[in-house]
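These numbers come from the heavy atoms of this one structure, side chains and all, not from hydrogens, waters or symmetry mates.
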Amino acid sequence: MPNPIYITIDVAQYQIGWSFSQQASSGTFTIDVNGSQVVYTTSGNSGYLLLDPGDYVTANVYTAATSPLIAESTLYVYDSVDGVLYNNASTGYPTVTETYGPYYPSGNGSIDAQSYEY
């Protein structure tokens, strides 16, 4: 009887691009992976994350406006397998927060957030 052959299959990682547009008096964008914060920015910025299958993600955008302006937070989450997972904007005075997650990516994707005041 021949010796068995063992094959190891590496599961590819998912690439999640992210961007933050900060156009308010104050705004923050955070991304947590598996409960740990991996992105924190208070100015316009972008980058990407490499995630393993089974990782879970939570995204949050916070906006504060200067009186008498209104704050608006927008959050868009896309997955190449499941499509648009979340696309919402909220307004508030003087602050507002948008949060999505936790979610489990099933492919490459993107997370885009904006902080505005008007």
Side-chain angles (χ1 to χ4, degrees):
M1 174 183 238
N3 291 332
I5 298 173
Y6 297 97
I7 300 173
T8 302
I9 299 172
D10 289 330
V11 177
Q13 291 182 307
Y14 304 133
Q15 182 171 309
I16 308 297
W18 62 267
S19 68
F20 178 52
S21 173
Q22 209 288 68
Q23 299 177 13
S25 296
S26 177
T28 59
F29 176 54
T30 61
I31 299 175
D32 294 356
V33 175
N34 299 330
S36 296
Q37 191 172 81
V38 296
V39 172
Y40 175 90
T41 185
T42 58
S43 61
N45 215 332
S46 63
Y48 70 93
L49 305 169
L50 290 177
L51 304 178
D52 293 319
D55 286 347
Y56 63 92
V57 179
T58 302
N60 178 281
V61 58
Y62 164 84
T63 305
T66 302
S67 181
L69 300 175
I70 302 295
E72 180 176 287
S73 291
T74 302
L75 187 58
Y76 175 84
V77 180
Y78 172 81
D79 183 278
S80 63
V81 173
D82 297 322
V84 176
L85 301 175
Y86 191 78
N87 185 13
N88 199 50
S90 294
T91 58
Y93 174 80
T95 65
V96 66
T97 300
E98 270 297 320
T99 301
Y100 181 72
Y103 79 97
Y104 293 84
S106 53
N108 296 330
S110 62
I111 303 171
D112 300 302
Q114 296 85 34
S115 286
Y116 296 107
E117 64 183 5
Y118 57 91

What pair of heavy atoms forms the shortest contact from [X] to [Y], and how long is it?
X      : Y      : result
Ser115 : Thr63  : OG-OG1, 2.8 Å
Ser25  : Glu117 : OG-OE1, 2.9 Å
Trp18  : Leu49  : CD1-CG, 4.2 Å
Val61  : Ala113 : CB-CB, 3.9 Å
Phe20  : Gly27  : CZ-C, 4.0 Å
Ala24  : Ala64  : CB-O, 3.9 Å

#### Entry: Rounded distance (nearest 0.5 Å) linking atom CG of Asp52 with atom CD of Gln13
4.5 Å

### Query
Rounded to the nearest 0.5 Å, what separation is found between the OG atom of Ser110 and the CG atom of Leu85?
9.5 Å

### Message
Under the rule for side chain to side chain donor-acceptor pair (under 3.5 Å), what residues qualify as partners of Asp82, not counting sequence neighbours?
### Response
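By the side chain to side chain donor-acceptor pair (under 3.5 Å) rule, Asp82 matches Ser106.
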
#### Entry: For Ser43, side chain to side chain donor-acceptor pair (under 3.5 Å) partners two or more places apart
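For Ser43, no residue satisfies side chain to side chain donor-acceptor pair (under 3.5 Å) once neighbours in sequence are set aside.
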
[X] versus [Y]: any side-chain heavy-atom pair under 4.5 Å?
X     : Y      : result
Glu72 : Thr74  : yes
Val96 : Thr91  : no
Val57 : Ile111 : yes
Ser26 : Thr42  : no

### Selection residues 35-64 - residue pairs positive for ring pair (Phe, Tyr, Trp, His ring centres under 6.0 Å), sequence neighbours left out
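Every ring pair (Phe, Tyr, Trp, His ring centres under 6.0 Å) pair that includes a residue of residues 35-64, provided the two are not neighbours, is Tyr56-Tyr104.
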
### Summary
For residues 93-102, the side-chain hydrogen bond (donor to acceptor under 3.5 Å, both in side chains) pairs (sequence neighbours left out) are Asn60-Thr99, Ser67-Tyr93, Tyr86-Glu98, Asn88-Glu98, Ser90-Glu98

### Query
Can you pull the side-chain hydrogen bond (donor to acceptor under 3.5 Å, both in side chains) pairs that have at least one residue in residues 28-39, sequence neighbours excluded?
Asn34-Asp55

### Query
Can Val38 be reached from Tyr103 by stepping across I, L, V, M, F, W or Y side chains whose heavy atoms are under 4.5 Å apart?
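Same hydrophobic cluster.
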
### Query
Does the pair Ser46 and Ser19 meet the rule for a side chain to side chain donor-acceptor pair (under 3.5 Å), with working shown?
CA-CA 4 Å; Ser46 63; Ser19 68; over 6 Å; no

### Query
Who else is in the cluster with Tyr78 when I, L, V, M, F, W and Y are joined by side-chain contacts under 4.5 Å?
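Result for Tyr78 is Tyr76, Val84.
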
